Amino acid sequence: MRQPLVVGNWKMNGSLGQTSELLASIEDNINDKIGCEIGVCTPFVYLAAAIKLQSSITIGAQTVSEYASGAYTGEVSADMLSDIGCYWVLVGHSERRVLFNEHDQQLVLKAKAAQQAGLLPIYCIGETEKQYKAGETFEVIAQQLNYLLADSDVDLERLVLAYEPVWAIGTGLTATPEEAQKVHAFIRQLVAKSSASMAKKLRILYGGSVKPDNAALLFEQQDIDGGLIGGASLDAEAFLSICQKA
Ligand code: PEP
């Protein structure tokens, strides 16, 4: 059985005060109806404060350097994140791929650096609107995933995948549950070619405008093991309502 997981991606939002307030209001309102694991990825500068709150919510970063140390001004290494008690790290979020030109080879290095430091990467893949409209979703997903699967140093047991159609992120558009399920099943089949037992255990999250009113149908799908939530994770009530559906 795969334990459902819901992770909030706060992106570049909030302040020190808001970080504590939002985390406290999530933590204080976790109830018996919520059976999923919950994570939150805060901006780098608020990680230490979030971790110090010692709630049941596990804390993650939104990106990481592929390098171990050295002259990489502005970068943050996996060891540094691990050192302060970070648990997750997002790798390959589409905003990193599109706005900061992060590419597949580099993202595999980031995932490996994260794993070597003891972090759990949440590795994001997904097609753009243009690719979706051209019917290239499965081709794009296979290409992105194959970079990861081809590297024997990547430990699939210590990784979560997130399928996030780029056209659904922050747009209010979502893949239909059936559409999302088809892609998730395809991802699991691809992973099964590397290891059938790993494919059964691997958690695959869906991300892209998940809200309280569409979460249940998405999370009901056989191969959807929870969600990566952007906008709705900045509101404790909405985020918890989504968690309750996982
Ligand atoms: C995201 O940033 O990963 C995301 C899914 O955002 P949103 O939920 O706002 O679409």
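Computation of the quantities below employed the complete heavy-atom set of this structure, encompassing side-chain atoms and omitting hydrogens, waters and symmetry-equivalent molecules. Note that ligands are numbered from 1 as they come in the structure, with each ligand's atoms numbered from 1 the same way. Nothing fancy with the numbering, it's 1 onward along the sequence. Since this is a predicted model, take the numbers as computed values, not measurements.
Atom 8 (O) of ligand 1 has G230 N, 2.8 Å as its closest protein atom, hydrogens excluded (heavy atom only). Shortest contact from atom 9 (O) of ligand 1 to any protein heavy atom: G231 N, 2.8 Å. Of the protein's non-hydrogen atoms, the one nearest atom 1 (C) of ligand 1 is H93 NE2, 3.2 Å.
Partners of Q222 by side-chain contact (heavy atoms from CB on, under 4.5 Å), not counting sequence neighbours, listed by chain and number: Q181.
Ligand 1 has an N or O atom lying under 3.5 Å from an N or O atom of E164, backbone or side chain. The N/O atoms of T171, backbone and side chain alike, include none that comes under 3.5 Å of an N/O atom in ligand 1. Any N or O atom pair closer than 3.5 Å counts here, and E95 shares no such pair with ligand 1.
Put simply, I30 and I51 are part of the same group of oily side chains (I, L, V, M, F, W, Y) that touch within less than 4.5 Å, one to the next.
Every atom of ligand 1 with a heavy atom of G208 under 4.0 Å away is listed here by number and element: 5 (C), 10 (O). Heavy-atom contacts of G170 reach the following atoms of ligand 1: 7 (P), 9 (O), 10 (O) (cutoff under 4.0 Å).
The backbone and the side chain of I169 each have at least one atom closer than 4.0 Å to an atom of ligand 1 (non-hydrogen atoms only). Neither the backbone nor the side chain of C124 comes within contact range of ligand 1; no heavy atom lies under 4.0 Å.
W10 and Q62 share no donor-acceptor pair across their side chains, judged by distance under 3.5 Å alone.
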